[in-house]
Amino acid sequence: MSVLNQKKIILGVCGGVAAYKSAELLRLLIKQGAQVQVVMTASAQQFIRSITFQALSTKEVRSSLFDLSAEAGMGHIELAQWADLILIAPATANTIAKITCGMADNLLTTLCLASKAPLLIAPAMNQQMWLNEATKNNINSLSQRDGLSICGPAIGEQACGDNGPGRMEEPEVLLSACQKTFTNQAEQTPLYNKRILITAGPTIEDIDPVRYLSNRSSGKMGYAIAQVAQKQGAKVTLISGPVALNAPSGVDLVTVRSAQEMHDAVFEEVTQADIFIATAAVADYRPIKLAQKKIKKNADTLIIELQKNPDILSDVAKLENKPLCVGFAAETDNLENYARNKLNNKNLDIIVANKVGADQGFEVDNNELHLFWKAQLWHKEGHKKEILQGQKKLPLASKKQLASQLLNEVALLYFN
Ligand code: C5P
């Protein structure tokens, strides 16, 4: 069966000569069993009539953001959520520029902004427009975006008589780029369809309306794990304290502030989870009393009484049907000892130890990890339980590489 079978694709068509090739592309997608909704920009309609796409897709072509009857059927936000992929072919320099800066001035750009689906762009324009610094910058910025891929342009003769880069890729090439988008979603990986719940970032414990207690966690490790897990086909929910990061595309983000809020959010989701990965640097204590007004600096010393926060990971690991529990141990010293104690005391399956210090662990992009695990294996015959202990060092690498290696270890140990 084709990987595109039953996949819901929005085919965005912009105003360029290559728009006539989009009809052939649409035909190929339909032949593969995809459900395609064509969305044309106003200028696309100057190049090709919507009736061609309507006949091929057997769906009314959408083109206006303010089409009341179309909106009554499936509103633009619903349409954005419906899509498994948005393919823009041809994508003009103008639409590329709009997507780069997040504009939403027509139906197609609005859908791009409102959708979590991967976006595949097939640029098509005059070679000088492609080589223009502004377009180059836009393409450069888009190519770094998560969930966005660019196919083409091809080099060759152009409709205007020029020769150079800017021709839209042929429909067959774009079809295989679409297929690749879906096969890249790694339906074969052991984590495919597994539900992974991740905590990330710091928590903030308010003292008064302007002060709080917190820590230096940037959230980078948790966000990297969420991104890699999602790419491997897992269904990821990320519960995050306040950080300066964007949620990876395709990941459900729940934002929280305090440890108690994080605890509540985790327990809303945890019964659904196969794996719980606690990367958050949860504040151990919070002020007993939250001052309603700003505390004035009258006395020479100030005592703020603190009470212990709930241990989210520990509470999850106590559940009768607990998910696989992966904890992190950020320590300045005595790494292995503290990590092993946490593995046992918190009843975890894996503990990931990492050193934190002046320029290590928190806030930085690279890290090194030391994994310790206690896998409980049940033999199929006789259901005999065996405890398998082990450890592995993951040497200095980017947090994204480490996230991938860590998830591979999780999959190897527990989901093969
Ligand atoms: O006990 P410690 O804070 O060092 O444990 C670290 C691990 O426990 C991390 O995985 C962290 O996310 C988790 N944790 C938690 N709730 C807390 C404290 C830590 O989930 N209140």
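In this text the structure is predicted, and so the values were computed from the model without any measurement. Just so you know, ligand 1 is whichever comes first in the structure, and atom 1 is the first atom listed for that ligand.
Gln179 and Thr181 share no side-chain donor-acceptor pair at under 3.5 Å. Judged by distance alone, the side chains of Tyr223 and Ser240 do bring a donor and an acceptor atom under 3.5 Å apart.
Nearest to atom 17 (C) of ligand 1 among the protein's heavy atoms is Val282 CB, 3.5 Å. Among all non-hydrogen protein atoms, the one lying nearest atom 20 (O) of ligand 1 is Leu313 N, 2.9 Å. Shortest contact from atom 21 (N) of ligand 1 to any protein heavy atom: Pro310 O, 2.9 Å. The protein atom (non-hydrogen) at minimum distance from atom 3 (O) of ligand 1 is Asp284 OD1, 3.9 Å. Of the protein's non-hydrogen atoms, Ala278 O, 2.6 Å is the one closest to atom 10 (O) of ligand 1. In terms of protein heavy-atom proximity, atom 9 (C) of ligand 1 is nearest to Phe328 O, 3.0 Å. For atom 16 (N) of ligand 1, the closest non-hydrogen atom of the protein is Ile312 N, 3.0 Å.
In this comparison of Gly222, Cys325, Ala280, the heavy atom closest to atom 11 (C) of ligand 1 sits on Ala280. The closest non-hydrogen atom to atom 4 (O) of ligand 1, taken over Lys342, Arg286, Met262, Lys346, comes from Lys342.
Here the shortest heavy-atom pairing between Pro90 and Val13 reads CD-CG1, 3.9 Å.
Comment: Asp208 does not engage Lys293 in a salt bridge, judged by the lack of any side-chain N to carboxylate O separation of less than 4.0 angstrom.
For the ligand labelled ligand 1, residue Asp311 lies inside the 4.0 Å heavy-atom shell.
Ligand 1 places these atoms under 4.0 Å from at least one heavy atom of Gly327: 10 (O).
Formation of a donor-acceptor pair under 3.5 Å by the Ser115 side chain with backbone atoms of Ala80 is found in this model.
Here Leu371 contributes atom CG and Gln391 contributes atom CD; the two are 9.5 Å apart, rounded to the nearest 0.5 Å.
With a 6.0 Å radius and a threshold of 12 heavy atoms from other residues, nucleotides or ligands, Leu68 has its CG atom at or below the threshold.
Counting heavy atoms from C-beta on, the side chains of Ser63 and Leu107 never come closer than 4.5 Å.
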